[in-house]
Amino acid sequence: MVSPDIPQPPSNIPSVSRRQVLRGLAGVAGIATFPGLLAACGDDASESTAAGAASTEAGAASTAAASGSITFGSNYSDATPKAAMQAVVDAFTAASGITVAVNTVDHGTFQDQISSYLQGTPDDVFTWFAGYRMRFFAAQGLATDVSDVWATVGDNYSDAFRIASTGDDGKQYFIPIYNYPWVVIYRKSFFEAQGYEIPTTLAEFTALGDKMTSDGIVPLAFGDKDGWPAMGTFDILNMRTNGYDFHIGLMSGAETWTDPRVKAVYETWAGLLPHFQEGALGRTWQDAAQSMLSNEAGMYFLGTFAGEQATDPEIHDDLDFFPFPTLGTEFDAELAIDAPIDGFMLSKAPENIDGAKAFLEFLSTGEAQSIFLESSPNNVAAALDVDTSSYTPFQVKMAEIIGASGKIAQFLDRDTRPDFAGPNGMQGFIQEFLSDPEQDLDAHLATIQDFWDSLA
């Protein structure tokens, strides 16, 4: 992976022009990027726009040849993304005449039960994630090769997205729709009213937490009832402490959980927990987001999809965010973050494979992705031919932060094997730590390593 040189001004975001940031995004190989943003940046985007248009026309021709109905397993269970995805489905049906039966399952349940779902009688198309989690199921023969779809739509994506969609066998199994960064989200008006300044280092972050506490404010909203949100906190602390390469090695088993470097991550986390909202294991991420939106909590570390909870446009316009502060280690310059890519796959034996592939072709277009983002402007589209002129400052800043990040991870439960990441694995282990952060960490980490070894 290419690691660009990254200046470090106080905001933790390089002081470069918007055009430089967006151009840089398209050149970071192997990670989530936003080439579609280049379309709004001038004449040198014309070739990409033309390629996207050609891909859209080819997709439309292929779609016209398909017919009938398909089934679609969706994890877009929250109100905003559910409505956004339905709008995309409706547009596809209107354009193709193909009906789509959408089977929506709670996001966490969908993720936890994905293995049994795919081994049973899955839907034709299903929502999923790029990276290891995609490759894992492709290698098991639980997904259909869609390289022929990529032959049609590939010009509408950067090479980075192609890489993220490619299985271990060199074939493509995934169609991206968008991605988003995990950042510290806050309300601008609240920070201004309280006189709070954006922290860039751990010391400043801790000092801000102390100030918020003295002001009667919970520094960091936190909810981990579903098990997965706290994984993001582990990811960022591990990458800030030990670097991206160690983090990915830990996810793959090349590094061990009993390594003293992992213990250091937990010790840092334990020191920060007094600033986290209490009772996290009984609170959903949605409830935690509401704590931040209502100014009960000053900040919230989560993906920018947290903005879905700000249904009032004025409140959403009041949202801003910054990268998690650096920790004063040799890995600060990486500014590594989680920026997961979401998208779609075909199950192992779709009943209507032509209709399913036509749906994937439609989902690859700027038209489809723009429809989704119109209802859910908390992500940035993947397609080259997306019209970015309507992007909000919130979306543009997502691209800026990702463009400034030298290393991009997909998220703990997407970068490792699903049987390790699930409720019986890391979800449970992290919740156990959160319930008793003063426990014997060596014993705790040995239990995690033993569990990993049992899966080999």
Side-chain angles (χ1 to χ4, degrees), residues 77-78 106-109 111-112 180-187 190 199 202 205-206 208-241 262-263 265-310 319 321-322 324-325 337-338 340 411-414 421-441 444-445 447-448:
S77 55
D78 293 309
D106 169 74
H107 189 280
T109 302
Q111 192 155 316
D112 293 341
Y180 53 88
W182 275 63
V183 287
V184 183
I185 307 168
Y186 67 98
R187 291 191 60 175
F190 187 65
L202 182 63
F205 193 53
T206 302
L208 177 59
D210 291 339
K211 180 66 170 68
M212 288 183 174
T213 299
S214 68
D215 291 341
I217 300 161
V218 175
L220 279 163
F222 193 36
D224 197 50
K225 185 176 181 178
D226 297 319
W228 57 265
M231 291 177 170
T233 305
F234 175 84
D235 286 354
I236 194 64
L237 290 176
N238 194 27
M239 289 189 286
R240 289 283 188 268
T241 303
V262 182
K263 184 177 180 180
V265 174
Y266 275 86
E267 289 173 338
T268 299
W269 197 352
L272 288 172
L273 280 177
H275 293 308
F276 282 65
Q277 194 172 20
E278 295 181 355
L281 302 191
R283 183 181 302 108
T284 65
W285 73 263
Q286 295 93 332
D287 291 336
Q290 290 298 330
S291 298
M292 180 269 295
L293 295 174
S294 66
N295 296 332
E296 175 187 348
M299 300 174 286
Y300 191 20
F301 179 68
L302 204 75
T304 50
F305 59 83
E308 295 168 5
Q309 295 298 300
L319 295 179
F321 50 83
F322 56 89
F324 195 91
I337 60 170
D338 279 329
F411 196 74
L412 193 155
D413 65 6
R414 307 183 186 195
N424 296 325
M426 280 307 295
Q427 288 187 24
F429 291 131
I430 289 178
Q431 288 185 330
E432 180 185 315
F433 162 73
L434 294 173
S435 298
D436 182 15
E438 296 182 359
Q439 65 183 280
D440 183 339
L441 291 178
H444 174 72
L445 294 172
T447 301
I448 298 177

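FYI, side chains are in, hydrogens and waters are out, and symmetry mates aren't considered; it's all heavy atoms of this structure.
Note: L293 CG to I185 CD1 = 9.0 Å, rounded to the nearest 0.5 Å. Here CG of N238 is found 12.0 Å from OG1 of T233. Values are rounded to the nearest 0.5 Å. How far CG of D436 is from CD of E438: 7.0 Å, rounded to the nearest 0.5 Å. Of the inter-residue distances, the one linking K263 atom NZ with Y266 atom OH reads 13.0 Å to the nearest 0.5 angstrom. Expressed to the nearest 0.5 Å, how far CD of E296 lies from CD1 of I217 amounts to 10.5 Å.
Put simply, the side chain of R283 gets close to the backbone of F222: a donor and an acceptor are under 3.5 Å apart. Of the possible donor and acceptor atoms, none in the side chain of E308 sits under 3.5 Å from a partner among the backbone N and O of D78. At least one donor-acceptor pair under 3.5 Å links the side chain of S77 to the backbone N or O of H107.
Contact check for M231 versus F234: no side-chain heavy atoms found under the 4.5 Å cut-off. With contacts defined as side-chain heavy-atom distances shorter than 4.5 Å, the pair D413/M426 does not qualify. A heavy-atom distance below 4.5 Å is not found between the side chains of F301 and V183. N295 has its side chain within reach of R187: a pair of non-hydrogen atoms, C-beta onward, lies under 4.5 Å apart. Contact annotation: the side chain of L434 approaches that of L281 to within less than 4.5 Å [non-hydrogen atoms, C-beta and beyond]. Put simply, the side chain of Q439 reaches to within 4.5 Å of the side chain of E432, judged on heavy atoms. Residues P219 and L208 form no side-chain contact, since every pair of their non-hydrogen atoms from C-beta on lies 4.5 Å or further apart. The shortest distance between side-chain heavy atoms of M299 and F190 does not fall below 4.5 Å.
Tested against Y186 for a ring pair (Phe, Tyr, Trp, His ring centres under 6.0 Å), the candidates F322, F321, Y300 yield a single pass: F322.
D287 and T284 share a side-chain donor-acceptor pair at under 3.5 Å.
Across every non-hydrogen atom of F411 and P340, the tightest pair is CB-CG, 4.1 Å. Residue L220 comes nearest to A297 through the heavy atom pair C-CB, 4.4 Å, listed as atom of the first residue, atom of the second, then distance. The shortest non-hydrogen separation linking A288 to A221 is O-CB, 3.3 Å.
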Validation: residues 267-276 side-chain donor-acceptor distances under 3.5 Å, sequence neighbours left out:
residue: T268; atom: OG1; partner: A264; partner atom: O; Å: 3.1
residue: H275; atom: NE2; partner: D210; partner atom: OD1; Å: 3.3

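Counting only residues at least two apart or in different chains, salt bridge (charged side-chain N to carboxylate O under 4.0 Å, His left out) contacts with residues 214-232 comprise K211-D215.
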Exercise. Can you list the steps and then say if F433 with L441 is a side-chain contact (heavy atoms from CB on, under 4.5 Å)?
Worked result: CA-CA 8 Å; F433 162 73; L441 291 178; 4.0 Å; yes
For this session: Could you go through the side-chain contact (heavy atoms from CB on, under 4.5 Å) check for L319 and M292 one step at a time?
Result: CA-CA 10 Å; L319 295 179; M292 180 269 295; 4.1 Å; yes
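Ring centers of W182 and F324: at least 6.0 Å apart, outside the cut-off.
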